[in-house]
Amino acid sequence: MSGSCIFCRIVAGDAPARVVAETEDAVAFLDANPLSPGHTLVIPRDHHETLGDLPADEGQAVFSLLHRLVPVVERAVDADATTVAFNNGRAAGQEVHHVHGHVVPRFEDDGLGPIHGLFDSRPRIDRTEMDEIGERIASGFE
Ligand code: 5GP
Ligand code: ZN
């Protein structure tokens, strides 16, 4: 546990939160400043900053809880869909440095589009560079 981490304090019961689901290794609670009604965060109980820091079993626990919770959240607020996303690291806008998945209910008429809307344009990447990038990722995967 990181004493200065608000999400660790929520897990420990030292800070208030609307906890909606708990498993052995993961916890879900309502975002205090929701982007839409039902906006829920899913976190590992233990403090890890990013997905890359998360041990495999805890990653599975987080995904398992996300998987169970998404349809429940959608039903609870009568949503048409959800955006499920991690701001994974400071450069991606992560502000609370305890890894968390956002479950953001979405509605047919919300007019917001996909998360692709974060990007104004797409970079030009030629076929050779695409091949090289693919090979670097494939060779780094164990
Ligand atoms: P991030 O930008 O790090 O991906 O998102 C952090 C999220 O945590 C934000 O949506 C913010 O509203 C939420 N949040 C920050 N502090 C608290 C808190 O003390 N309690 C709860 N329930 N949510 C919080
Ligand atoms: Zn923490």
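Whatever order the structure lists them in is the order used to number ligands and atoms, beginning at 1.
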Closest protein heavy atom to atom 6 (C) of ligand 1, given as residue, atom name and distance to 0.1 Å: His100 NE2, 3.5 Å
Under 4.0 Å to a heavy atom of Leu41 - the qualifying atoms of ligand 1, by number: 8 (O)
For Glu95, the ligand 1 atoms whose distance to one of its heavy atoms is below 4.0 Å: 1 (P), 2 (O), 3 (O)
Polar proximity ligand 1 side, [X] side, N/O cut 3.5 Å exclusive:
{"X": "Gln94", "value": "no"}
{"X": "His102", "value": "yes"}
{"X": "Ala17", "value": "no"}
{"X": "Ile10", "value": "no"}

Contact check: His97 to the Zn ion (ligand 2), N/O/S below 2.8 Å: no
Heteroatom test (N, O or S) for His98 near the Zn ion (ligand 2), limit 2.8 Å: yes
Lys/Arg N to Asp/Glu carboxylate O, Glu129 vs Arg136, below 4.0 Å: no
Presence of salt bridge, Arg45 and Glu22, under 4.0 angstrom: yes
Test log, rule side chain to side chain donor-acceptor pair (under 3.5 Å), inputs Asp53 and Thr50: CA-CA 5 Å; Asp53 301 323; Thr50 67; 3.0 Å; yes
Minimum non-hydrogen distance to atom 24 (C) of ligand 1, winning option of Phe7, Phe86, Phe29: Phe7
Side chain to side chain, His102 and Asn87, heavy atoms closer than 4.5 Å: yes
Non-hydrogen side-chain atoms of Arg68 and Thr23 separated by less than 4.5 Å: yes
Name, closest N/O/S atom of His47 to the Zn ion (ligand 2): ND1
Geometric class of the Phe63/His67 ring pair [parallel <30°, tilted 30-60°, perpendicular >60°]: parallel
